[in-house]
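Here is the structure we will look at, set down as structure tokens.
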Amino acid sequence: MIWLAARNLFQGRTRWVVSVGGVTLALMLILSLDAIFVGMESQLTAYIDSTGADVFVAQSGVRNMHMAVSSIPGSVEGRVKAVDGVDVATPIRYVANYITLDGQEFIAYVIGVPVDGALGRPLTVADGTRELRPGEAIVDGVAARAAATVGATMRVLGRDYRIAGASTGLSSIFSSIAIVPFDEFPSYVAADTMAYVLVRAAPGTSASDLTARIEAAVPGVAATTRREFGRQEIKVISDMATEIVAIMNVIGLVIGLAVMALTVYTATVARRAEYGILKALGARTWTLCRSVVAQAVITVAIALALGAVFTLLVAFAAPRLGVALALALSATSLAKAGGVALVIAVLAAVLPIAQIARIDPAIVFRRRIA
Amino acid sequence: MTRYEGAAPPQTPAPTLEVNHVTKRYGEGPTEVVAVRDVSLEVAPGEVILIMGPSGSGKTTLLLMLGALLRPSAGEIRLDGQVLTALSEGRLPDVRLRRFGFVFQDFNLLSALSALENVAIVAQLAGVPNGAARKKAAAILTDLGLGERLHFLPEKLSGGEKQRVAIARALVNDPTFILADEPTANLDSKIGHEIMRLLRRVAKEQGRSIVIVSHDQRIKDIADRVLWLEDGRFAHETGMAVDPVCGMQVERERAVDGTWDGESFVFCSRGCRDEFLRAPWRFLPEGGAHRAALREAVREEARA
């Protein structure tokens with residue numbers, strides 16, 4: 001009966017193309033959104049991963065950077081350094097604000113790193129140097145692309161900096177990153193305070209052991225392994241995005257369902273007489289229902305494949321078009337979209353199945369009955 | 001015409017369809033309509049029965065009940081002794097699929113499928129694998145003269161070709177009975193007659209029983225019996241017989257009778273009767289029941 005389903009589908013080509021197109025767009029909405037968030041997750045922790053730190057020390061209760069405010073006294077740096085198993089400790093300052101480049105404003109994480117600090121700067125840069133000197137900055141993301149060349153001037157919180165280096169891959173969809181000298185950090189941050197202390201563990205010391213030792217030795221701080229710090233960073237964004245993703249998924253589901261249901265229903269109604277003929281000839285209702293479900297499943301399967309291909313194309317094209325989006329299509333996203341597609345197929349087939357079940361095979365003779 | 005691969009061998013006793021005092025009512029109370037009243041009928045193997053009657057006489061309702069598509073309000077229908085009307089709804093599709101073939105007025109082919117697929121799908125519904133179903137469908141269609149049209153969609157076929165495809169579809173599961181609803185209504189008279197001769201050939205060569213419902217007076221000559229249905233009852237029955245001279249099917253009631261060697265014969269006209277009586281040996285088989293009389297008649301002719 002699969003071939004009957006396929007023949008019925010492809011005979012009404014225009015209707016089928018509209019249906020596949022509609023469902024493809026709906027599934028693409030779901031896949032793209034997922035791909036954006038999966039891509040974003042890797043972007044979110046890119047700076048954290050590139051600092052070279054094994055442990056992040058913050059104000060007690062703070063275990064991430066995004067939308068967090070951490071302020072710890074300058075004395076914490078020395079006390080952390082004194083903890084057994086700490087190889088290097090580098091303080092950083094941090095605030096989210098606008099930076100100005102070429103007359104354009106960009107939201108950025110502005111991070112203050114000591115010019116001689118071992119940690120906190122990108123491990124590599126695409127252009128210029130990763131060394132920081134007074135009056136110079138390293139920039140990443142959209143801001144870096146706008147700056148075009150090393151040597152350009154960037155205004156950060158009311159002060160001009162010369163761009164010494166431009167890195168890639170550290171910023172996210174939410175913000176660029178600008179790294180400036182620790183001591184030149186905007187004046188409204190108290191002179192003897194910092195946001196975090198980045199810690200590199202001595203060889204042979206595990207990061208998790210070190211966090212316990214730091215928290216035991218330094219009161220009022222939270223020490224978090226880099227891995228956990230990154231996980232918390234993602235969780236904050238995910239929690240913020242969960243409802244948006246859920247709403248978009250529902251919208252995708254509803255659009256896909258509406259398009260599919262309408263198509264399968266009209267296709268079934270159009271062939272009502274033919275289903276009646278098959279019933280009169282001896283086809284069981286269940287056999288005909290399978291054919292309708294097969295039509296819906298074939299359509300959504302093709303739509304899912306097309307949706308995945310188009311999402312991959314968008315993922316390929318977006319960075320090349322200067323969009324600060326890293327789309328990553330994951331197996332989980334595909335499985336989720338597949339599940340949604342299956343739900344669409346099954347729900348879209350419900351009304352047509354009810355229609356078929358109600359068809360009286362005598363309909364074939366009905367016009368002249370008695 | 002050949003019996004196709006997988007055809008069931010003749011059964012013993014021969015399959016029969018019996019209608020016993022069947023009544024069908026629609027609605028109830030003041031709106032009740034009795035479409036068929038206390039009708040009885042027996043269909044013998046290889047018999048072609050034509051049911052005629054005015055519109056609204058109950059022909060189609062009777063056909064629907066014969067084909068297990070409608071349950072009678074009273075009475076019973078027996079298929080090979082089994083009471084069809086007692087079967088559950090769930091078993092009826094299988095009976096329709098394997099025991100009955102249907103031929104419709106509007107051909108009722110599936111528009112998305114080719115001629116071959118229209119036939120093969122019915123075999124597949126009966127559980128025949130795709131390849132075997134297509135092979136069997138191709139054989140039947142070729143036998144019916146559609147070997148060159150196997151892959152044509154219905155829209156590319158003429159009315160006569162469509163009805164042949166419908167007949168092939170009716171034959172594909174080797175049914176015992178073929179039920180035809182106005183099979184010539186959408187065909188011109190020549191093609192209509194061709195189709196009816198084809199159905200008669202199917203009945204006589206393959207031993208299938210055929211019940212045809214029709215308004216078409218021109219097809220009476222292919223039937224073994226013509227039943228006239230009026231107000232839901234059989235008003236009268238016309239026996240049909242073959243004129244041994246011209247081969248025409250003629251109604252027994254209106255035919256010209258002739259007797260020879262103690263047997264009655266029916267003729268379409270006096271001319272045929274006279275021709276027969278002058279030289280019966282020309283129209284009767286040599287080895288038949290009249291062997292001795294034929295030899296005597298031939299000798300007399302020679303002496304004269």
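Numbers restart at 1 for each chain; the letters A, B, ... are given by sequence-line order, proteins then strands.
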>> According to side chain to side chain donor-acceptor pair (under 3.5 Å), does anything in residues 161-172 of chain B pair up with another residue at least two apart or in another chain? List the pairs.
In response: B:R149-B:E161, B:S158-B:E161, B:R164-B:E194
>> Taking every non-hydrogen pair under 4.5 Å, which of A:P361, A:G282, A:A273, A:G276 racks up the most with chain B?
In response: A:G282
> Say you draw a straight line from OG of B:S111 to CZ of A:R7; how long is it, rounded to the nearest 0.5 Å?
Replying inline: 11.5 Å
> Relative to chain A, which segment of B:L109 carries a heavy atom at a distance below 4.5 Å: side chain, backbone, both, or neither?
Replying inline: backbone
>> So, taking the atom named CG in A:L281 and the one named CG in B:N173, what distance separates them when rounded to the nearest 0.5 Å?
In response: 9.5 Å
> So do the side chains of B:F107 and A:I277 get within less than 4.5 Å of each other, counting heavy atoms only?
Replying inline: no
> What residues, two or more places apart in sequence or in another chain, satisfy ring-ring contact (aromatic ring centres under 6.0 Å, His included) together with B:F152?
Replying inline: none
> Taking side chain as C-beta onward, heavy atoms only, is A:R271 less than 4.5 Å from B:L110?
Replying inline: no
> Just wondering, are more than 12 heavy atoms of other shown residues or ligands nearer than 6.0 Å to CD in B:E32?
Replying inline: yes
> Quick one: what part of B:N130 sits under 4.5 Å from any heavy atom of chain A, side chain, backbone, both or neither?
Replying inline: side chain
> When rounded to the nearest 0.5 angstrom, what distance separates NZ in A:K279 from CZ in B:R96?
Replying inline: 8.5 Å
> Is the closest side-chain heavy-atom distance between B:I121 and A:L278 below 4.5 Å?
Replying inline: yes
>> Are there over 12 heavy-atom neighbours, none belonging to B:D231, within less than 6.0 Å of that residue's CG?
In response: no
> What's the shortest heavy-atom distance between A:A283 and B:P93, and which atoms?
Replying inline: O-CB, 4.4 Å
>> Tell me which of these, B:A126, B:G90, B:G67, has more heavy-atom pairs under 4.5 Å with chain A than the rest.
In response: B:G90
